[in-house]
Enquirer: 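I am attaching a structure below and will ask some questions about it afterwards.
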Amino acid sequence: MPEQTGRDIAPATGKLGVMLVGLGAVSTTFIAGVENVRRGRALPIGSLSQMATIRLGKRTDKRAPKIKDFVPLADWKDLVFPAWDPIPDDAYTAAVKAGVLERHEHLEPIKDFLQSIKPMPAVFDQYYVKRLQGSNVKRGKNKRDLAEQLRADIRAFQKTAGVARIVVVWCASTEVFLTPGPAHQSLAAFEKAMEQNDQSVAPSMLYAYAALMEQVPFANGAPNLTVDLPVMERLAEERNVPIGGKDFKTGQTMMKSVLAPAFKARMLGLSGWYSTNILGNRDGEVLDDPESFKTKEESKLGLLEHILQPEMYPDLYGKVYHKVRINYYPPRGDNKEGWDNIDIFGWLGYPMQIKVDFLCRDSILAAPIVLDLALFFDLARRAGLSGIQEWLSFYFKSPQTAPGLYPEHDLFIQQTKLKNTLRWMLGEEQITHLGIEYYEKA
Ligand SMILES: NC(=O)c1ccc[n+]([C@@H]2O[C@H](COP(=O)([O-])OP(=O)(O)OC[C@H]3O[C@@H](n4cnc5c(N)ncnc54)[C@H](O)[C@@H]3O)[C@@H](O)[C@H]2O)c1
């Protein structure tokens, strides 16, 4: 067995600034959740970094520490949360408006803390998010100037808050659908495009550029391209910064990435998958605009194709009808309902149906993902990793991968990849699940 050596990981000393783009439902549920946990008033349920264990060595070794005790993650007490948002509400007001957390139980007791988080003026342009209007917006002579203002925000925050490290997580609205173009191919082209106010440069790309230039990791929780562009991938490598995206994998798509691999594992066929949602929060309102919905739709549609590999299994998956709908329905607020009708077929082609009705809470599912991504991106940076962090695809609907590489969408392959990466970082043996040694005669 080759000797295992881990990576040099800088210690997690000092404060970690988790800079949030967008101070809406997901961000405030995340921040308020962390503060409630810090005060011993709740548990960080849904967070792998806090609650999951990791097996080390053989099953008979009985070594299974919690991940947070195995890898050097930033401590809860060291997290601080600045944010940008075009809507000037502080985190308390935004959380009350979002209506996710029970006001008396989880917001009033930490009201002072939440009120102290006031969003910095955002780089915002209604062309990219049609259904939003905001007054807390930066002005500049062109997009490059706006990006420079974001860089200045990052530097100023680092200084005034005395943080040792920073990560940026995009928790802002989904932008209109864009495809990679000439402006996204090189740094020179991108910088020129910013100066010329090129329409193919969306606000999210300005945040990404600013973060990477400041050597700050960037995770993208929405389906916009943002860091999923050649220019950003190269910049991340050059500046030695980890990046990742896109689109938090929470409700319906998480279920899809569990169910579809099960059908494929058993060689059951699929003829159709119809998914529809009703959702009444601001995210639902933004996604009611067809251009923002298109960005989301692309992100939600891609995974079945990658999991099922119809080109390898034409008899089983050659003719799948896949449809995804999101319907804005205000009475439901953040408490989304997602229905799936799945038409499968088995032995000799006999049809069967599965119905899933997931009454989920969008931001309750997303908040622990923000926490884990912030902590793991910070860990990746301290471990000297840069560029796309595919090991964190566990958290994303459309995981970013190296050019030419298809993404792994199966949740349990992603989980194995994540845990094996942590083992690799710390110089522990990989777990292959071969297990032959338990049966070999001495
Ligand atoms: N909750 C989930 O399960 C889930 C899953 C996957 C992805 N997402 C994505 O996460 C994002 C946040 O979701 P949410 O429910 O918190 O939405 P939200 O509408 O409550 O919050 C988004 C916030 O972003 C702000 N914003 C918009 N453009 C901005 C900009 N350019 N700069 C700074 N702030 C900006 C908005 O003003 C708003 O306050 C959305 O893009 C959503 O699609 C959420």
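Order of appearance sets the numbers: ligands from 1, and atoms from 1 within every ligand. Bear in mind the structure is a predicted one, so any value in this text is a computation, not a measurement.
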Enquirer: In ligand 1, which numbered atoms sit nearer than 4.0 Å to a non-hydrogen atom of Ala25?
Expert: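 Answer for ligand 1: 15 (O), 16 (O), 18 (P), 20 (O), 21 (O).
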
Enquirer: Which of the listed options, Asn224, Asp362, Leu23, Leu150, holds the heavy atom that is closest to atom 2 (C) of ligand 1?
Expert: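 Minimum heavy-atom distance to atom 2 (C) of ligand 1 goes to Asp362.
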
Enquirer: Would you mind checking which non-hydrogen protein atom is closest to atom 4 (C) of ligand 1, with the distance to 0.1 Å?
Expert: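 Ranking protein heavy atoms by distance from atom 4 (C) of ligand 1, first comes Thr250 OG1, 4.1 Å.
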
Enquirer: Ring of Phe113, cation from Lys111 - is the NZ or CZ under 6.0 Å from the centre and inside 45° of the axis?
Expert: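 Because its charged atom misses either the 6.0 Å distance or the 45° angle limit, Lys111 does not stack over Phe113.
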
Enquirer: Using a strict 4.0 Å threshold on nitrogen-to-oxygen distance, state whether Glu285 and Arg282 make a salt bridge.
Expert: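 The answer is no: the pair does not qualify as a salt bridge.
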
Enquirer: Using a 4.5 Å cut-off on heavy atoms from C-beta on, say whether the side chain of Leu114 contacts that of Thr28.
Expert: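 Thr28 vs Leu114: side chains apart.
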
Enquirer: Only heavy atoms of Cys171, strictly under 4.0 Å: list the atoms of ligand 1 that pass.
Expert: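 Answer for ligand 1: 11 (C), 12 (C), 22 (C).
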
Enquirer: For atom 23 (C) of ligand 1, find the nearest protein heavy atom and state the residue, atom name and distance (0.1 Å precision).
Expert: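 Result for atom 23 (C) of ligand 1: Asp85 OD2, 3.6 Å.
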
Enquirer: Against heavy atoms of Val21, which atoms of ligand 1 measure under 4.0 Å?
Expert: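 Those qualifying, in numeric order: 32 (N), 33 (C).
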
Enquirer: Hey, is ligand 1 close enough to Asp283 that some N/O pair sits below 3.5 Å?
Expert: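 It does: an N or O of Asp283 is found under 3.5 Å from an N or O of ligand 1.
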
Enquirer: Does the pair Asp378/Arg165 count as a salt bridge with the N-to-O cut at 4.0 Å?
Expert: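 Counted as a salt bridge, because a side-chain N and a carboxylate O are separated by less than 4.0 Å.
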
Enquirer: Is the gap between the ring centers of Trp273 and Tyr321 under 6.0 Å?
Expert: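 Not under 6.0 Å, so no.
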
Enquirer: Just one of Lys256, Gln252, Lys249, Met254 clears the side chain to side chain contact (heavy atoms under 4.5 Å, CB included) bar with Lys397, so which one?
Expert: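 Going through Lys256, Gln252, Lys249, Met254 one by one, the side chain to side chain contact (heavy atoms under 4.5 Å, CB included) with Lys397 is satisfied by Lys249 alone.
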
Enquirer: Hey, does Gly221 sit under 4.0 Å from ligand 1 if you only count heavy atoms?
Expert: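 In this structure, Gly221 qualifies as a contact of ligand 1 - some heavy atom is under 4.0 Å.
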
Enquirer: Answer yes or no: is there an ion pair linking Glu238 with Arg234, defined by an N-O contact shorter than 4.0 Å?
Expert: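 Answer for the salt bridge query: no.
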
Enquirer: What are the atoms of ligand 1, with element, lying closer than 4.0 Å to any heavy atom of Ala122?
Expert: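 Contacts of ligand 1 toward Ala122, numbered from 1: 32 (N), 33 (C).
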
Enquirer: Only heavy atoms of Ile87, strictly under 4.0 Å: list the atoms of ligand 1 that pass.
Expert: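 Listed by number with element, the hits are 37 (O).
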
Enquirer: Among all the protein's non-hydrogen atoms, which is closest to atom 7 (C) of ligand 1, and how far away is it?
Expert: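 Going atom by atom, the protein heavy atom closest to atom 7 (C) of ligand 1 ends up being Asp247 OD1, 3.0 Å.
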
Enquirer: Tell me whether ligand 1 is touched by Lys397 - counting only heavy atoms on the residue side and a distance under 4.0 Å.
Expert: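 So Lys397 counts as touching ligand 1.
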
Enquirer: List the closest protein heavy-atom neighbour of atom 38 (C) of ligand 1: residue, atom name, distance to the nearest 0.1 Å.
Expert: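 Result for atom 38 (C) of ligand 1: Arg282 NH1, 3.0 Å.
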
Enquirer: Thinking salt bridges, do Glu337 and Arg332 make one under a 4.0 Å N-O criterion?
Expert: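 A salt bridge is present here (some side-chain N lies under 4.0 Å from a carboxylate O).
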
Enquirer: Taking Asp283 first and then Arg131, would you say they form a salt bridge - that is, a charged N and a carboxylate O separated by under 4.0 Å?
Expert: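 Looking at Arg131 together with Asp283, the answer is no, because their closest N to O distance does not fall below 4.0 Å.
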
Enquirer: Closest non-hydrogen protein atom to atom 14 (P) of ligand 1, residue and atom name please, with distance?
Expert: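 Residue, atom and distance for the closest contact: Val26 CG2, 3.7 Å.
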
Enquirer: Between Val123 and ligand 1, which residue portion shows a heavy-atom distance shorter than 4.0 Å: side chain, backbone, both, or neither?
Expert: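 Backbone only.
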
Enquirer: Using a strict 4.0 Å threshold on nitrogen-to-oxygen distance, state whether Lys246 and Asp228 make a salt bridge.
Expert: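 Salt bridge flag = yes for Asp228 with Lys246.
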
Enquirer: So which heavy atom in the protein is nearest atom 11 (C) of ligand 1, and how far is it from that ligand atom?
Expert: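 Ranked first by proximity to atom 11 (C) of ligand 1 is Ala172 O, 3.2 Å.
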
Enquirer: May I ask you to say whether Glu195 pairs ionically with Lys192, meaning some side-chain N is under 4.0 Å from a carboxylate O?
Expert: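 Result for this pair is no, no salt bridge flagged.
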
Enquirer: What atoms of ligand 1 come closer than 4.0 angstrom to any heavy atom of Ala222?
Expert: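 Per the distance check, 41 (O).
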
Enquirer: Looking only at heavy atoms of Leu132, does any of them come nearer than 4.0 Å to an atom of ligand 1?
Expert: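 Judged by the 4.0 Å heavy-atom criterion, Leu132 does count as contacting ligand 1.
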
Enquirer: Does ligand 1 have any atom that is closer than 4.0 Å to a heavy atom of Pro86?
Expert: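 Yes; Pro86 lies near enough to ligand 1 that a heavy-atom distance drops under 4.0 Å.
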
Enquirer: For ligand 1, is there an atom lying under 4.0 Å from some heavy atom of Tyr207?
Expert: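 Contact check Tyr207 vs ligand 1: positive.
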
Enquirer: Does at least one non-hydrogen atom of Leu365 fall below 4.0 angstrom from an atom of ligand 1?
Expert: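 Under 4.0 Å: no for Leu365.
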
Enquirer: Where is the nearest protein heavy atom to atom 28 (N) of ligand 1: which residue, which atom, and how far?
Expert: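 Here the nearest protein heavy atom works out to Phe124 CD1, 3.5 Å.
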
Enquirer: Check whether any side-chain heavy atom of Leu150 lies under 4.5 Å from a side-chain heavy atom of Lys138, and answer yes or no.
Expert: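 In short, these two side chains touch, coming nearer than 4.5 Å.
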
Enquirer: Kindly indicate whether the side chain of Gln149, heavy atoms from C-beta on, has any atom under 4.5 Å from the side chain of Val123.
Expert: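 In short, these two side chains do not touch, never coming nearer than 4.5 Å.
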
Enquirer: Of the choices Phe396, Trp84, Phe248, which has the non-hydrogen atom that lies closest to atom 44 (C) of ligand 1?
Expert: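 Looking at heavy atoms only, the winner is Phe248.
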
Enquirer: How close does the nearest protein non-hydrogen atom get to atom 27 (C) of ligand 1, and which residue and atom is it?
Expert: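 In this structure, atom 27 (C) of ligand 1 has Ser173 OG, 3.2 Å as its nearest protein heavy atom.
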
Enquirer: Would you call Asp340-Lys355 a salt bridge at under 4.0 Å N-O?
Expert: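 Here Asp340 does not pair with Lys355 in a salt bridge, since their nearest N and O are not under 4.0 Å apart.
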
